[in-house]
Number of protein chains: 2
Amino acid sequence: MPRPRSLTPEQIATAALAVLDRDGLDGLSMRTVAQELGVGTMSLYRYVSDRGQVEELVVDLVLQAVDPAIPRGTPGKRLSALADRVRVVVSGHPAVVPLLLTYRHRSPSSLRWGEAMLTVLTDAGLTGKRRVIAFRAVLGYVFGALQVAHFGPLSGPGTAALAELPPEEFPILSETAARARGITPEEEFRKGFEIVLRGLGL
Amino acid sequence: MPRPRSLTPEQIATAALAVLDRDGLDGLSMRTVAQELGVGTMSLYRYVSDRGQVEELVVDLVLQAVDPAIPRGTPGKRLSALADRVRVVVSGHPAVVPLLLTYRHRSPSSLRWGEAMLTVLTDAGLTGKRRVIAFRAVLGYVFGALQVAHFGPLSGPGTAALAELPPEEFPILSETAARARGITPEEEFRKGFEIVLRGLGL
DNA sequence: TCCTGTAGGCGTGTGGTGTACGCCTACGAA
DNA sequence: TTCGTAGGCGTACACCACACGCCTACAGGA
């Protein structure tokens, strides 16, 4: 066999994540990733079929850092801990947030995390269609909340602008936005997830 | 004053939405929108500062179709109806889903909808920090669920692939995915939202 | 040691993108 | 009729993803 491969998918993912962390999503391109690896742009195509696959690799690399082991405690505590692990890991790489929903379902790490969540839901007595709905609702909340927090953080200019809205037209929205300043992303995510848990009866 | 303006923001939004509905998000570009309007590409820049503003216009155009009037019924019924109006409107233009979370907070129509949701939450007795958390959780669920449904519908190839996963490694995930086939987006969204409502005590 | 087939590295080219710049001109007011 | 303003937009540039095909590094066989 001639010419052993010189790049691993993991190296590509690591390089892409470095670019993402440094220059954001706009800075991510085949050129910049190749440059980060010290390799020609077209060489990347020996290892991935297109840009989407690079994004897929980087999403999985990030989610690999989520420990899928099932924590101890009540079902509610277990689910909270599993969900919060995703929040912690993702908040370390905010630029990947927009990619999460697109590639989540193709990431093996995400699948392992999903199996863990479903295991806890099953232990809690959920089966059949109810379990499907519960799992999808949790998915929607977790990834939706991460994106809402990313694109419009409570301690950001967006919320500040809402607080300045004319009170005669938006009385409650402006008041609520003013009240929101200072709530941390961690508290927002955790208490929001508690609402979902309560809805599940856990 | 010479040369009256020949394009309105609404016309631009309508043209962009037509492109989006016809050719999807990938088909949306300044060139295609200009062509749709029968105008030169650069002429658009007399009316918008960049592509992002076109996307903003189209998101608001879509959300304008959401009636922000507060429905009758219990608080739970009111919130469900308001949320479902968003789902119905958005499902008519699936290609805008990825744009929603990015531009939601700059859309006047979205603000009016938010004020309506908050009004119901307030009528139900929520105030202060609890109201902030509740509102953000609802936002996270609504927009997250729409995206989850868009990128990985239960009756789509993604879920079918999950059902084929090795049962020894993903016993519950594969079983749950198999059970998911045939659940409509409407049912998924509505029952998921009921979980959130129950968590809010409504 | 040399040869050779395979597959990695990547330069070049194509058709797309967003948008800066600056010319031409249609138009309303004087 | 003239003139100033602002709309319309052609051209150009930098960037993008990626198809194609050449060159060459390498491992195994002779």
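Letters A, B, ... mirror the listed sequences (proteins, then strands); counts begin at 1. Predicted model, so just to flag it, every value in this text is computed and none were measured. The basis for the numbers below is simple: all heavy atoms, side chains too, and nothing from hydrogens, waters or symmetry mates.
The side-chain hydrogen bond (donor to acceptor under 3.5 Å, both in side chains) pairs that include a residue from residues 131-149 of chain B are A/Glu175-B/Arg131, A/Thr176-B/Arg131, A/Glu188-B/Arg136, B/Thr122-B/Arg131, where partners are two or more places apart or lie in different chains. The salt bridge (Lys or Arg N to Asp or Glu O under 4.0 Å) contacts involving residues 16-33 of chain A comprise A/Arg22-A/Glu36, where partners must be two or more places apart or lie in separate chains. Among residues at least two apart or in separate chains, there is no salt bridge (Lys or Arg N to Asp or Glu O under 4.0 Å) pair with a member in residues 141-164 of chain B. A side-chain hydrogen bond (donor to acceptor under 3.5 Å, both in side chains) check over residues 191-202 of chain B, counting only residues at least two apart or in different chains, returns the pairs B/Glu187-B/Lys191. Applying the side-chain hydrogen bond (donor to acceptor under 3.5 Å, both in side chains) test to residues at least two apart or on different chains, the pairs with a partner in residues 75-86 of chain A are A/Asp84-A/Arg87. Within the structure, salt bridge (Lys or Arg N to Asp or Glu O under 4.0 Å) contacts touching residues 102-112 of chain B (residues at least two apart or in different chains) are B/Glu56-B/Arg106.
Phosphate proximity of C/dG8 to A/Ser6: absent, as no side-chain N or O sits under 4.0 Å from OP1 or OP2. The phosphate of C/dC10 has OP1 or OP2 within less than 4.0 Å of a side-chain N or O from A/Ser43.
Here the P atom of nucleotide D/dC18 and the OH atom of A/Tyr47 are 18 Å apart, to the nearest Å. In this entry the distance linking CG of B/Leu7 with P of D/dA6 reads 18 Å, nearest Å. The interatomic distance linking A/Gln11 (CD) with C/dG8 (P) rounds to 14 Å, in whole Å. Atom-to-atom, CD of A/Glu55 to C1' of D/dC16 comes out at 13 Å; the value is rounded to the nearest Å.
With sequence neighbours left out, B/Ala13 forms a side chain to side chain contact (heavy atoms under 4.5 Å, CB included) with B/Leu57, B/Leu61. In terms of the salt bridge (Lys or Arg N to Asp or Glu O under 4.0 Å) criterion, residue partners of B/Glu55 (sequence neighbours excluded) are, by chain and number, B/Arg51.
Only at 4.0 angstrom or more do the heavy atoms of residues 99-107 of chain A sit from any atom of DNA chain D, so none qualifies.
Over its length, the helix from C/dT1-D/dA30 to C/dA30-D/dT1 turns its helix axis by 10°, as judged from the five terminal pairs at each end, rounded to 10°.
Under a cut-off of 6.0 angstrom, the local environment of CD in B/Glu186 is crowded, with over 12 non-hydrogen atoms contributed by other residues, nucleotides or ligands.
Looking at heavy atoms from C-beta onward, A/Thr119 lies in side-chain contact with A/Ile70 at the 4.5 angstrom threshold.
Atom CE of B/Met30 and atom OG of B/Ser43 lie 10.5 Å apart (nearest 0.5 Å). Between the CG atom of B/Leu7 and the CG atom of B/Leu44 there is a distance of 7.0 Å, given to the nearest 0.5 Å.
Side-chain atoms of A/Ser91 come within 3.5 Å of backbone atoms of A/Val88 as a donor-acceptor pair (strictly under, hydrogens ignored).
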**Request:** Going 5' to 3' through nucleotides 16-24 of chain C, assign each nucleotide B (protein heavy atom under 4.0 Å from a base atom), S (under 4.0 Å only from sugar-phosphate atoms) or - (no protein heavy atom that close).
**Result:** -BBBBB---

Shorter than 3.5 Å, N or O on both sides, protein versus nucleotides 26-30 of chain C: list them out with atom names.
residue : atom : partner : partner atom : Å
C/dA26  : O4'  : B/Arg3  : NH1          : 3.1
C/dG28  : O4'  : B/Met1  : O            : 3.0

